[in-house]
> 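What follows is a single structure, and I will ask about it in a moment.
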Amino acid sequence: MANVHYMIVEHDGGWAYKVGDVFSERYATYDEAREAAERAAAEQRLPGATEDIEYQDEAGDWHEEISQGRDRPETDVTG
């Protein structure tokens, strides 16, 4: 099972959460960024419907998979 880590960081004169190299929108306060990260992390853990997905990898190759709605990552928020 995958782990998704949300990190609270200073960003663009305010605060944001970051997953990997991707930043969220800017929040005025640390608390607002933390609350948004907690909500996003909780939503990641919610089960959904089984669906066919397509994605492009870093080499530009396309892949097709079936995503099980119950196969959700573990999440955490730090920072």
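Throughout, residue positions are numbered sequentially from 1 according to the sequence presented.
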> What do the steps show when you test Tyr30 against Trp15 for ring-ring contact (aromatic ring centres under 6.0 Å, His included), and what is the final call?
CA-CA 6 Å; Tyr30 170 90; Trp15 295 88; 5.3 Å; yes

> Tell me whether Thr75 contacts the main-chain N or O of Ala41 through its side chain, where contact means a donor paired with an acceptor under 3.5 Å.
yes

> Could I get the full list of salt bridge (Lys or Arg N to Asp or Glu O under 4.0 Å) partners for Glu38, not counting sequence neighbours?
Arg34

> Do Arg72 and Gln44 have side chains that approach each other closer than 4.5 Å (heavy atoms only, starting at C-beta)?
yes

> Enumerate the side-chain hydrogen bond (donor to acceptor under 3.5 Å, both in side chains) contacts for residues 52-66, please, sequence neighbours excluded, ordered by first and then second residue.
Tyr55-Glu65, Asp57-His63

> Do you know which two heavy atoms are closest between Val4 and Pro73, and how far apart they sit?
CG2-CB, 3.8 Å

> How many angstroms lie between NZ in Lys18 and NE2 in His11, if you round to the nearest 0.5 Å?
9.5 Å

> Show the nearest heavy-atom pair for residues Ala40 and Tyr6, with the distance to one decimal.
O-OH, 3.5 Å

> Can a donor-acceptor pair be found, under 3.5 Å and without considering hydrogens, that links the side chain of Ser24 to the backbone of Tyr17?
yes

> For Ile53, is the CD1 atom crowded, meaning more than 12 foreign heavy atoms sit under 6.0 Å from it?
yes

> Can you tell me how far apart CG (Asp12) and CZ (Arg26) are? Round to the nearest 0.5 Å.
6.5 Å

> Take Thr78 and Ile8 through the side-chain contact (heavy atoms from CB on, under 4.5 Å) test and state the conclusion after the steps.
CA-CA 6 Å; Thr78 60; Ile8 310 303; over 6 Å; no

